[in-house]
Amino acid sequence: MIYVLQRSTAPRIRRFYSRADFVINAAINRKISAKQASIELAKITNLIKTQTLPALKNSAKQLKMELQQNDISVGSLKELKNAN
């Protein structure tokens, strides 16, 4: 079975963007200070770096391995531009 994204990865990305938007708007509307907003944004960015990106990398490796096992070759977009 081929998985493009792990089940928990897509919701994490959506939560990141939602939370970032909330924090930025709160800072713009002066509901929180710019300093507090930067702290909150650093926290959620760190979660993306430490949890989501490694999960995406593992998912991509798994997909690559499964494609190779099924003799499916996928070129990069750069290679596809030069294809006939």
For Arg14, enumerate each residue passing the side-chain contact (heavy atoms from CB on, under 4.5 Å) test, keeping only those at least two apart in sequence or located in another chain.
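Applying side-chain contact (heavy atoms from CB on, under 4.5 Å) to Arg14 gives Ala10, Pro11.
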Measuring only between side-chain heavy atoms, which start at C-beta, is Lys57 closer than 4.5 Å to Lys61?
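Side-chain contact under 4.5 Å: yes.
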Spacing of [X] atom [atom1] and [Y] atom [atom2] [to the nearest 0.5 Å]:
X	Y	atom1	atom2	result
Ile32	Arg30	CD1	CZ	12.0 Å
Leu56	Gln51	CG	CD	12.0 Å
Thr52	Lys49	OG1	NZ	12.5 Å

So, using side chain to side chain donor-acceptor pair (under 3.5 Å) as the criterion, who are the partners of Asp21 when residues are at least two apart?
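Side chain to side chain donor-acceptor pair (under 3.5 Å) list for Asp21, sorted by chain: Asn25.
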Yes or no on side-chain contact (heavy atoms from CB on, under 4.5 Å) for Gln68 and Lys64, after CA distance, side-chain angles and deciding distance?
CA-CA 6 Å; Gln68 287 174 343; Lys64 181 180 177 180; 3.5 Å; yes
Listing, residues 37-48 side-chain donor-acceptor contacts under 3.5 Å, not counting sequence neighbours, or none:
residue	atom	partner	partner atom	Å
Ser38	OG	Lys35	O	2.7
Glu40	OE1	Arg19	NH2	3.3
Glu40	OE2	Gln36	NE2	2.9
Thr45	OG1	Leu41	O	2.7

In terms of heavy-atom contacts, does CZ of Phe22 have more than 12 from other residues, nucleotides or ligands at under 6.0 Å?
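No.
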